[in-house]
Number of protein chains: 2
Amino acid sequence: MSASSLDLAVLGLLKEGPMHGYELRKRLAFTLGPLYAVSYGSLYPCLKRLRKDGLVASAEHPEPKRRRSKRVVETKPATSRRKQVYEITPSGEALFFEQLELGAIYDTDRFQTRFAFFRYLPGDERIRLLEHRKAYLEEKLAEFKDTLRATRERIDAYSRSLIDHGVAATEQDIAWLAGLIDQEKAAAQDGGRSIRGS
Amino acid sequence: MSASSLDLAVLGLLKEGPMHGYELRKRLAFTLGPLYAVSYGSLYPCLKRLRKDGLVASAEHPEPKRRRSKRVVETKPATSRRKQVYEITPSGEALFFEQLELGAIYDTDRFQTRFAFFRYLPGDERIRLLEHRKAYLEEKLAEFKDTLRATRERIDAYSRSLIDHGVAATEQDIAWLAGLIDQEKAAAQDGGRSIRGS
DNA sequence: TCTGCCATGTAAGCCGTTACATGATTTT
DNA sequence: AAAATCATGTAACGGCTTACATGGCAGA
């Protein structure tokens, strides 16, 4: 069974507790970073598919959220759109761990999605993935700088600026990874604790 | 007529001279930055579509690249796969300029593709787009920091690191744009020259 | 009551990918 | 002549988006 980045993220968030779609969307943007936001047109079909595959279970929200001292009208229609609360199933958990271990080093989105749930991986696995990702970015960067150096043609100033910025951004990524690796290694020696407490 | 980022990039590169697909792909990665590479499965259908719409013209590469002192066998099959050399047509140029002016501030790829061809825009238009993009990123960032601040829940260390990194990357983007805006303004006062010569 | 936000969903389409298939040219 | 690289293309599919459609719930 295959799973997209979104599948993984949804399962990972639902591990922390039942949630409905709308809330899930907010948590997604919040968990994965400033510019990541998934649309409902993507999220709801995803949830539907996960439910169909038995990876999540859903129940209509039962609680009519009664306001104090106000008579609650029972007999909610129940026929129409009610809040669907999703929770992860055991096979959903199994898929989550299976997918989390795959790594997915070459794609920024996939890597970051996994990174957001790193606490579910053992320390050595975390280090392995971080180093693998870092090596990949370094390789890409070196490759690119070679091309740049080998180029005889004069390059347009805007294109040049774009490339320089891309290089700087990638270097910042690499530095971030290097810092994380250091922390992980320190934590590993420090009794196997994760960076959580640092 | 609508055009994707790839369409625009292809047209923009072909403005500099005729090229075949394979070469175009290399130039694309080179023009747009370290991690941007389009696959042939995307590029060739794009070229086909552009040709169908009369935005580029293609000719089979005529030159059999004769090696010195070697008899050239004419009668190349011509029935099978030969190098296709593409060039931009007048209507292709028209579409290029039309699309370039649209801006596309909200999507990183689209913005960067346009930026790579900024030399074809007048100075004030360049400044307008840079400022618009910068304002958008600043807004996103502020929004995100607000959310972050307003959040009571303790956040997982890895998720936190991911977000901090995203924020830092976005701030780097904004600084890059700010620098470009300064340069453009200086150049505008300095007799309307572009940053090309700086 | 009406406005605004919470909430769920579908349909159509965009824009790319991977995997595959083929052939031409150059180098060893 | 074999191997590597250049070069062109198609088929199937993936994973998202926008635009649309619907309705619940709370407060001014």
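In this text the structure is predicted, and so the values were computed from the model without any measurement. Chain letters run A, B, ... following the sequence lines, proteins first and then strands; every chain starts at 1.
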> Which pair of heavy atoms, one from A:Thr113 and one from A:Ser5, lies closest together, and at what distance?
Replying inline: OG1-OG, 3.1 Å
> Any idea which heavy atoms bring A:Leu121 and A:Arg126 closest together, and the distance?
Replying inline: O-NH1, 2.8 Å
Round to a whole Å and report the spacing from [atom1] of [X] to [atom2] of [N].
X	N	atom1	atom2	value
B:Leu43	C:dT18	CG	C1'	16 Å
A:Met19	C:dA7	CE	P	13 Å
A:Lys26	C:dC6	NZ	C1'	8 Å
B:Lys83	D:dC6	NZ	C1'	8 Å
B:His20	C:dA24	NE2	C1'	12 Å
B:Tyr22	C:dT25	OH	P	15 Å
B:Arg27	D:dA7	CZ	C1'	18 Å
B:Gln84	D:dC6	CD	P	19 Å

> Between B:Arg119 and A:Ala157, is there a donor-acceptor pair closer than 3.5 Å when you use the side chain of the first and the backbone of the second?
Replying inline: no
>> Donor-acceptor pair, distance only, cut-off 3.5 Å: does the side chain of B:Thr89 make one with the backbone of B:Leu55?
In response: yes
>> What's A:Tyr86 touching, base or sugar-phosphate or nothing? Going by heavy atoms closer than 4.0 Å.
In response: sugar-phosphate
>> If you apply the rule side chain to side chain contact (heavy atoms under 4.5 Å, CB included), what do you find for B:Tyr106 with B:His132, and how did you get there?
In response: CA-CA 9 Å; B:Tyr106 309 109; B:His132 199 161; 3.7 Å; yes
Contact list (N/O, under 3.5 angstrom) for nucleotides 10-16 of chain D vs protein:
| residue | atom | partner | partner atom | Å |
| --- | --- | --- | --- | --- |
| D:dT10 | OP1 | B:Lys48 | NZ | 3.0 |
| D:dG15 | OP1 | A:Arg110 | NH2 | 3.2 |

>> Check whether B:Tyr86 forms a cation-pi arrangement with B:Arg51 (NZ or CZ under 6.0 Å from the six-membered ring centre, at most 45° off the ring normal).
In response: no
